[in-house]
Amino acid sequence: MIEEQISSLSDSISAVEEELKKDNMSFLSSYKPTQTRARVQSSLSDPQLVSGGLIDVAKHLGNLSFRVWEKMKEKVHFSPVILDPNTASRWLYLSKDLTSVRRGDTKYQQLPDNPERNTKYDNVLGSEGFSSGKHSWEVEVGDHPDWNVGLAKESDERKEEKTVSPKYGFWCLWHRRGKYINCVGETVTVKKSLQRIRVQLDYDRGEVSFYNAEDMTHIYTHRDTFTERLLPYFSIGISGDAKTSDIKMCQSEISL
């Protein structure tokens, strides 16, 4: 329709130009019919904006802070336990993000003998402790043959030899020589080899529980009275021929 209007207008312009070539009197006498012929009667209405013609401001600016957070969530990983390198034995090597640990096979590291450091055993502690409430985290152990995970009291003397037991402030699950042993030295029977352990603390009720994190099968619970801050505890031996050379903290989901 626009093309037809353009063509009609072009014809009218040509007609006016032809009339202008005549003398003045002749042009004036024929001006009205020419003007009428030149007037274009358009049936087109003013252009209307169709749906979606504008930028969807609401889509891009609505809940903007939430959308930014949502995008960040896809890239951010959260670990409920961060290892404290100042407590790590010289034989232990921590990952750069402080969420996994392995034992060196041949030599120990030259590290300062600060008061916090474990020097008698191949241990490392979490950087944050608990003195109330409920807390849990998961540790991936894979097929590593020698590990110990649980909790230790903050005031533990880290330069002395002692038994890893509640008497000395340790509540753990130990795996060695193919057996699982609780914190009082008893063998624990499991249905299948544990690949991932869930450690769960209820400080106020005095309970430390261990679960198979893959299906949440209960392994055992130890009940005690806690009187000071507790720290996540990890010990690891040589991996040997195992595929898993380190134990690591599992990432947790972020929820609102």
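Along the sequence shown, residues carry numbers from 1.
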- Item | Close side-chain approach of M249 and I82, heavy atoms under 4.5 Å | no
- Message: Do L230 and K153 make a side-chain contact, defined as non-hydrogen atoms from C-beta onward lying under 4.5 Å apart?
- Response: yes
- Query: Does the gap between the ring centers of F234 and W137 come in under 6.0 Å?
  - Reply: no
- Message: Nearest 0.5 Å, please: how far is CD in E214 from CD1 in I197?
- Response: 9.0 Å
- Donor-acceptor pair between Y168 and D156 side chains, under 3.5 angstrom: no
- Query: Is L94 reachable from L231 through a run of hydrophobic residues whose side-chain heavy atoms are each under 4.5 Å from the next?
  - Reply: no
- hydrophobic_cluster_shared for F130 and V208, side chain cutoff 4.5 Å: yes
- If Ile, Leu, Val, Met, Phe, Trp and Tyr residues are connected whenever their side-chain heavy atoms lie under 4.5 Å apart, and connections chain through other members, are I238 and V139 in the same group? no
- Taking everything shown except E228 itself, do over 12 heavy atoms lie less than 6.0 Å from its CD? yes
- Query: Just wondering, do W174 and D146 contact through their side chains at under 4.5 Å, heavy atoms?
  - Reply: yes
- Distance in Å, Y203 OH paired with D224 CG, rounded so as to fall on 0.5 Å steps: 10.5 Å
- Query: Is there side-chain contact between E116 and D84, with heavy atoms separated by less than 4.5 Å?
  - Reply: no
- Task: Kindly assign one of parallel, tilted or perpendicular to the pair H218 and Y211, based on the angle between their ring planes and the thresholds 30° and 60°.
- Result: perpendicular
- Using atom types as modelled and distance alone, determine if a side-chain donor or acceptor of H144 lies under 3.5 Å from a backbone N or O of G237. yes
- Query: Are V184 and H222 close enough, and set up right, to give a side chain to side chain contact (heavy atoms under 4.5 Å, CB included), and what steps lead you there?
  - Reply: CA-CA 9 Å; V184 294; H222 186 85; 3.9 Å; yes
- Heavy atoms, side chains only, cut-off 4.5 Å: are Y93 and V101 in contact? no
- Report whether W91 and I236 are members of the same hydrophobic cluster (ILVMFWY, side-chain heavy atoms less than 4.5 Å apart, transitive linking). no
- Task: Check for a donor-acceptor pair, side chain of K120 on one end and backbone N or O of K162 on the other, with a separation under 3.5 Å.
- Result: no
- Item | Any donor-acceptor pair under 3.5 Å from S14 side chain to S10 backbone | yes
- Message: Please check: side-chain N/O of Y233 versus main-chain N/O of N148, any donor-acceptor pairing under 3.5 Å?
- Response: no
- Item | Side-chain H-bond candidate by donor/acceptor type, D143 with T244, under 3.5 Å | yes
- Task: Establish whether W171 and L125 are linked, either directly or via other cluster members, by ILVMFWY side-chain heavy-atom contacts under 4.5 Å.
- Result: no
- Query: So, D202 side chain and R205 main chain: donor-acceptor pair closer than 3.5 Å or not?
  - Reply: yes
- Hey, what do you get for OG (S89) to OH (Y121), rounding to the nearest 0.5 Å? 12.0 Å
- How many angstroms lie between CG in L83 and CD in E128, if you round to the nearest 0.5 Å? 12.0 Å
- Item | Taking every non-hydrogen atom, the tightest pair across D204 and G133 | OD2-N, 3.3 Å
- Task: Ignoring hydrogens and angles, state whether a donor on the side chain of S235 or N123 is under 3.5 Å from an acceptor on the partner side chain.
- Result: yes
- Message: Within the supplied structure, the quantity of interest is the number of heavy atoms (other residues, nucleotides, ligands) at a distance under 6.0 Å from K134 NZ; does it exceed 12?
- Response: no
- Just by modelled atom types, is the L92 backbone N or O under 3.5 Å from a matching donor or acceptor in the R103 side chain? no
- Message: Main chain of L111, side chain of R90: is a donor-acceptor contact present, judged purely on distance under 3.5 Å?
- Response: yes
- Less than 4.5 Å apart, any side-chain heavy atom of L173 and any of W147? yes
- Just by modelled atom types, is the L194 backbone N or O under 3.5 Å from a matching donor or acceptor in the Y180 side chain? yes
- For K167, look at atom NZ and say whether over 12 heavy atoms of other residues, nucleotides or ligands are found less than 6.0 Å away. no
- From N212 atom CG to E138 atom CD, the distance as rounded to the nearest 0.5 Å: 9.5 Å
- Query: Is any side-chain heavy atom of K191 less than 4.5 Å from a side-chain heavy atom of D215?
  - Reply: no
- If you measure only the distance, is there a donor-acceptor pair under 3.5 Å linking the side chains of S239 and S245? no
- For the residue pair R158 and T87, confirm or rule out a side-chain donor-acceptor distance under 3.5 Å. no
- Taking all atoms of both residues into account, what is the closest heavy-atom pair of S136 and P80, and its distance? O-CB, 4.2 Å
- Message: Side chains of S95 and K248, heavy atoms from C-beta outward: is any pair under 4.5 Å?
- Response: no
- Message: Testing the basics here: between C172 and V164, what is the closest heavy-atom pair and its distance to 0.1 Å?
- Response: SG-CG1, 4.1 Å
- Rounded distance [0.5 Å steps], CG in L201 versus CD in E207: 9.5 Å
- Message: How close do G126 and V81 get, counting heavy atoms only, and between which atoms?
- Response: CA-CG1, 4.3 Å
